[in-house]
Trainee: 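Take a look at the following structure, please.
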2 protein chains.
Amino acid sequence: MPVPEVEPGKTRPGGRTARVRAAVLDAAGDVLAEQGFAHLDLAEVARRADVGKTTVYRRWGTVANLVADLLLDMAEQSSPRTETGSLLGDLTANARLVRRTLTDPRQGALFKAVIAAATSDDRTAEALRRFYDTRIDEWAPCVRQAVDRGELPPGTDAREVIRAVSAPLYYRLLVGGGALDEAAADRAAEAAVAAARAGAYRGGGDG
Amino acid sequence: MPVPEVEPGKTRPGGRTARVRAAVLDAAGDVLAEQGFAHLDLAEVARRADVGKTTVYRRWGTVANLVADLLLDMAEQSSPRTETGSLLGDLTANARLVRRTLTDPRQGALFKAVIAAATSDDRTAEALRRFYDTRIDEWAPCVRQAVDRGELPPGTDAREVIRAVSAPLYYRLLVGGGALDEAAADRAAEAAVAAARAGAYRGGGDG
DNA sequence: TCCTAAACGATACTGGAGTTCCGTTAGTCT
DNA sequence: AGACTAACGGAACTCCAGTATCGTTTAGGA
């Protein structure tokens, strides 16, 4: 792959360039959701996006790059966090949001595909890590508030608690083990709260 | 793909056939561990296994099939569970075993690859699910013993507790969020015990 | 030990993913 | 408005993963 001095789309990001990017990312999402990461080929994405095959190969080049860009695009659309006043309420809201996302036909398949891509490409893995860092940062404050209220022991690692809510849901999505229903989401939140109360997440990073 | 009436390797499983299977699975594991699921091609596996390319395509046909067979092979080698007498001790032992497996260069990469393959192929997903069912069944008894001892509330879903130990470790392996060190393993076990004590895993399936 | 055919493997072939070339379209700047 | 060139896109090409063919080896049974 001949590396261009400046990658396309940077010096003239407006108009057509932006339209092409949007169309390609949209089509890529569709294909990933329908067929999974393994059967994704850029030619088909180009066809669906009504865009020249050459363009897709020039701007993204590999499946991994395309997926990484898709992830970047997804990270920009943030869904606001709800505040219920109690830790269990907040984490349950988070767990249900995650569950709803993962069980949505398009989004769920997309996440599976993105995670699969990240297992064999370092740049995609990095993009994925950043995506979740952003998401987790949005929710961490509710844990810190709980610490301030005295619901949780001081020194509790807020981000670790948020991850603890998601972990069992992703586990079900990727390796199985029961339905990904609302009861599972509620249980994930409940378990995270119980573990945090018991001090299992003390001592980590930020408090 | 012309489906044969009887798939190769079933009517004459001895001698050469078995040697070929072992060599191919071994080579496949190496390639998966080194390059990941995305860049796996059967021709290279054949080359490494010192086996005809035709043979690999005839017996396995697709990457997903090969990975599923590899998984079947892995499921047969069971590592015995240790008994420490306390729930936290048992689950910590389990968490550390899982962590050691996932951080081992070959095994860890292999698990990543297998999970990635399962995201886009139903048969691989089914094989993966069975693999974990077996593993989890091996460890579930220690939770039931804890229930009998009165350490956990009656009605606790044993398999769900075991999954709760693994979930955060797999989450770290696949989507990131901190090092996969022994402290993380110990924390996973501690959190699972705390959540189980609080009754977060009551009401599920077997008790 | 000998026979049958299951399974292997070397070789040649094919289709399509990814690349290159070059002409066309249209964003951006003055 | 006009010039400049970034970015797009059609078409032809390359290369190799996956397939087909057919002869060779060897497992399993008599």
Side-chain angles (χ1 to χ4, degrees), chain A residues 1-28 31-32 34-69 113 117 120-121, chain B residues 1-28 31-32 34-69 113 117 120-121:
Chain A
M1 195 197 319
V3 179
E5 289 100 42
V6 160
E7 60 194 69
K10 294 297 177 185
T11 53
R12 278 185 190 175
R16 180 170 60 168
T17 301
R19 271 198 311 279
V20 165
R21 176 168 182 254
V24 168
L25 293 188
D26 204 51
V31 176
L32 278 180
E34 285 170 25
Q35 312 188 359
F37 165 68
H39 313 102
L40 181 63
D41 85 283
L42 302 193
E44 187 184 354
V45 171
R47 218 177 308 128
R48 291 222 202 180
D50 260 314
V51 154
K53 181 170 80 155
T54 315
T55 300
V56 175
Y57 279 105
R58 184 172 28 230
R59 280 186 67 178
W60 290 277
T62 68
V63 171
N65 280 340
L66 180 56
V67 169
D69 196 22
S120 39
D121 182 77
Chain B
M1 193 197 319
V3 180
E5 288 102 41
V6 160
E7 57 195 72
K10 295 295 177 187
T11 53
R12 278 186 188 175
R16 179 172 60 171
T17 301
R19 271 198 312 278
V20 165
R21 175 169 183 255
V24 168
L25 293 187
D26 204 51
V31 176
L32 278 179
E34 284 171 26
Q35 312 188 0
F37 165 68
H39 313 101
L40 181 62
D41 85 284
L42 303 192
E44 186 183 356
V45 171
R47 218 177 306 127
R48 291 223 203 179
D50 259 314
V51 154
K53 180 171 79 154
T54 316
T55 299
V56 176
Y57 279 104
R58 181 170 31 227
R59 279 188 66 177
W60 290 277
T62 69
V63 172
N65 280 340
L66 181 56
V67 169
D69 196 22
S120 39
D121 182 78

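Model, not experiment: these values are computed from the prediction. A note on names: the letters A, B, ... follow the listed sequences, proteins ahead of strands, and every chain is numbered from 1.
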Trainee: Over how many whole Å does the gap from A:R59 atom CZ to D:dG9 atom P extend?
Mentor: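 Whole-Å distance recorded here is 10 Å.
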
Trainee: Starting at atom CZ of A:R21, determine the distance to atom C1' of C:dA26, rounded to an integer number of angstrom.
Mentor: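 Atom-to-atom, A:R21 to C:dA26, this comes out as 20 Å.
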
Trainee: So which of residues 38-56 of chain A are in contact with DNA chain D, with a heavy-atom cut-off of under 4.0 Å?
Mentor: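 Within residues 38-56 of chain A, the residues near DNA chain D are A:V51, A:G52, A:T54, A:T55.
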
Trainee: Can you list the residues that meet the side-chain hydrogen bond (donor to acceptor under 3.5 Å, both in side chains) rule with A:D69, with sequence neighbours excluded?
Mentor: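 Expected list: A:R21, A:W60.
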
Trainee: What pair of heavy atoms forms the shortest contact from A:F37 to A:A113, and how long is it?
Mentor: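 Heavy atoms only, the tightest pair is CB-O, 3.8 Å.
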
Trainee: Could you list the residues that satisfy side chain to side chain contact (heavy atoms under 4.5 Å, CB included) with B:A49, not counting sequence neighbours?
Mentor: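 Partners of B:A49 under the side chain to side chain contact (heavy atoms under 4.5 Å, CB included) test: B:A23, B:V24, B:A27, B:V51.
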
Trainee: Test A:V67 against every option in A:L32, A:T62, A:D121 by the side chain to side chain contact (heavy atoms under 4.5 Å, CB included) rule and name the one that passes.
Mentor: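 Single side chain to side chain contact (heavy atoms under 4.5 Å, CB included) partner of A:V67 among A:L32, A:T62, A:D121: A:L32.
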
Trainee: If you compare all heavy atoms of B:R59 against all heavy atoms of B:T17, which two are closest, and at what distance to 0.1 Å?
Mentor: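 Where B:R59 meets B:T17 most closely, the heavy atoms are NH1-O, 3.1 Å.
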
Trainee: Tell me the interatomic distance from A:R58, atom CZ, to C:dA17, atom P, rounded to whole angstroms.
Mentor: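 Roughly 19 Å, once rounded to whole Å.
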
Trainee: Rounding to a whole Å, what distance do you find between B:R16:CZ and D:dG28:P?
Mentor: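 So the two atoms are 11 Å apart, to the nearest Å.
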
Trainee: Establish, with yes or no, whether the OP1 or OP2 oxygen of D:dT19 is under 4.0 angstrom from a side-chain nitrogen or oxygen of B:Y57.
Mentor: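 Checking D:dT19 against B:Y57, no side-chain N or O comes under 4.0 Å of OP1 or OP2.
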
Trainee: Closer than 4.0 Å, any side-chain N/O of A:R19 to the OP1 or OP2 of C:dG27?
Mentor: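 Yes, because at least one side-chain N or O of A:R19 sits under 4.0 Å from OP1 or OP2 of C:dG27.
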
Trainee: Report the distance from atom CG of A:L66 to atom P of C:dA17, rounded to the nearest whole Å.
Mentor: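 Taking CG of A:L66 and P of C:dA17, I get 15 Å after rounding.
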
Trainee: Side chains of A:L25 and A:L66: does their closest heavy-atom pair fall under 4.5 Å?
Mentor: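 Yes, their side chains come closer than 4.5 Å.
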
